[in-house]
Number of protein chains: 2
Amino acid sequence: MDKKKDLASKLRTSGLRPTKQRVLLAEFLFNRDKTFHFTVENLNKAINKKNSDYKIALATIYNTVHAFKKAGHLKEIFIKEGKNYFDTNTSSHHHFYDEVNNELTDIENNKIELKKFPTPPKGKSIKDVNVIINIDNDNQKH
Amino acid sequence: MDKKKDLASKLRTSGLRPTKQRVLLAEFLFNRDKTFHFTVENLNKAINKKNSDYKIALATIYNTVHAFKKAGHLKEIFIKEGKNYFDTNTSSHHHFYDEVNNELTDIENNKIELKKFPTPPKGKSIKDVNVIINIDNDNQKH
DNA sequence: ATTTAACATATAATGATTCTAAACTTGAAG
DNA sequence: CTTCAAGTTTAGAATCATTATATGTTAAAT
């Protein structure tokens with residue numbers, strides 16, 4: 001399989017030994033058309049669902065997700081207490097967050113442009129800008 | 001004391017009985033010139049530091065912070081894994097986040113203007129926009 | 001094939017937050 | 001100004017996500 005090989009070398013290139021577990025997780029996460037948002041809890045459930053052919057320990061999932069993040073293959077997103085989302089889209093971009101369904105949607109960087117801009121404090125420079133647009137069902141009273 | 005009275009009625013108005021603990025916490029949080037960013041851990045330490053005249057149980061601090069948030073006196077901000085910040089500035093506004101010192105600074109709403117804007121998904125409307133500008137020390141290599 | 005550092009694993013440990021059940025306050029009614 | 005019920009506070013237990021440990025396993029260099 002070509003795809004598996006590609007993943008193996010992708011891992012190797014970033015200093016990660018392509019173990020069975022890592023390749024399986026990489027396949028699951030990166031062989032997709034759309035970007036994928038998930039929590040470790042999600043991922044663990046999806047991978048270790050009943051009747052799945054291969055199980056991966058929770059600790060390994062944590063290790064792997066962090067290794068992938070460190071290697072730049074995942075981005076971490078903070079939106080909700082106790083929920084740490086990861087994103088397979090590692091480019092600089094923004095998000096819609098649907099509080100009703102707990103769902104994240106990507107907004108590509110070029111869809112948002114800032115007109116006005118604050119000056120960062122002295123001695124500091126801007127590293128990254130993150131916009132989260134919280135959305136609600138229509139006709140909602142607040 | 002006028003300030004204490006004001007706080008008591010502020011609490012009463014939002015359906016919270018002005019108990020000793022709540023008034024003390026409200027004083028600590030709201031009788032300030034600048035807005036205040038904190039975690040529950042912070043707040044607990046500040047309130048229950050050695051030699052302080054009055055101690056408040058951790059559970060009460062959690063209860064109270066959540067009650068204040070529900071009543072609209074505090075805003076919750078998500079920026080970092082395992083760190084849930086609260087903000088005494090409840091108006092819609094944005095933040096600088098200094099990853100080096102773990103520090104938040106308010107950016108008033110009118111300092112940022114969006115030029116371009118994505119359309120929200122069907123059936124959804126925008127509730128709130130949150131911009132987090134991550135800052136770094138100058139001359140940092142990434 | 002052998003070797004060894006890197007890795008995966010189950011389980012224990014940690015740390016933040018929430019729950020629980022009992023004791024104490026508050027404010028309202030008698 | 002006592003009494004009382006509902007609302008609060010509290011210490012400690014329980015829970016949940018995450019991280020550490022220490023033991024066995026594997027990838028890949030020799």
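Convention: sequence-line order gives letters A, B, ...; per-chain numbering from 1.
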Between A:E41 (CD) and D:dT18 (P), how many Å, whole number?
8 Å

Non-hydrogen side-chain atoms of B:F96 and A:K124 separated by less than 4.5 Å
no

If the cut-off is 4.0 Å, is B:N84 near the phosphate of C:dT17, judged by side-chain N/O to OP1 or OP2?
yes

In terms of the nearest nucleotide of DNA chain C, which residue is placed more toward the 5' end: B:H66 or A:Y54?
A:Y54

Spacing of B:F78 atom CZ relative to C:dA16 atom C1', expressed in whole Å
15 Å

Distance-only donor-acceptor check, side chains B:Y54 and B:N48, under 3.5 Å
no

Spacing between A:L11 atom CG and C:dC7 atom P, to the nearest angstrom
11 Å

Which nucleotide, D:dA28, D:dA11, C:dA10, lies nearest any side-chain atom of A:A57?
C:dA10

Calculate the interatomic distance between A:N63 atom CG and D:dT19 atom C1'; express it in whole Å.
9 Å

Between C:dT11, D:dA17, D:dA28, which nucleotide has the shortest distance from any of its atoms to the side chain of A:A59?
C:dT11

Quick one: B:L24 CG to D:dT10 P, roughly how many Å, whole number?
11 Å

Would you say D:dT8 has OP1 or OP2 under 4.0 Å from some side-chain N or O of B:T19?
no

Closest to the A:Y62 side chain: D:dT18, C:dG27, C:dT18?
D:dT18

A:L58 CG to C:dA12 P: how many Å, rounded?
15 Å

Taking OP1 and OP2 of C:dT25, is either one under 4.0 Å from a side-chain nitrogen or oxygen of B:Q21?
no

When you compare the side chains of B:H94 and B:N109, does any donor N or O come within less than 3.5 Å of an acceptor on the partner?
yes

Spacing between A:K45 atom NZ and D:dC16 atom C1', to the nearest angstrom
12 Å

Could you go through B:F68 and B:F30, starting from their C-alpha distance and side-chain angles, then the distance that decides it, and tell me whether this counts as ring-ring contact (aromatic ring centres under 6.0 Å, His included)?
CA-CA 11 Å; B:F68 285 2; B:F30 306 129; 5.5 Å; yes

Please tell me which of the listed nucleotides, D:dT10, D:dT18, D:dT26, lies nearest to the side chain of A:R17?
D:dT26

So among B:V40, B:I77, B:L29, which one has a side-chain contact (heavy atoms from CB on, under 4.5 Å) with B:F86?
B:V40

Rounded distance (Å) that lies between atom P of D:dT25 and atom CZ of A:R22
19 Å

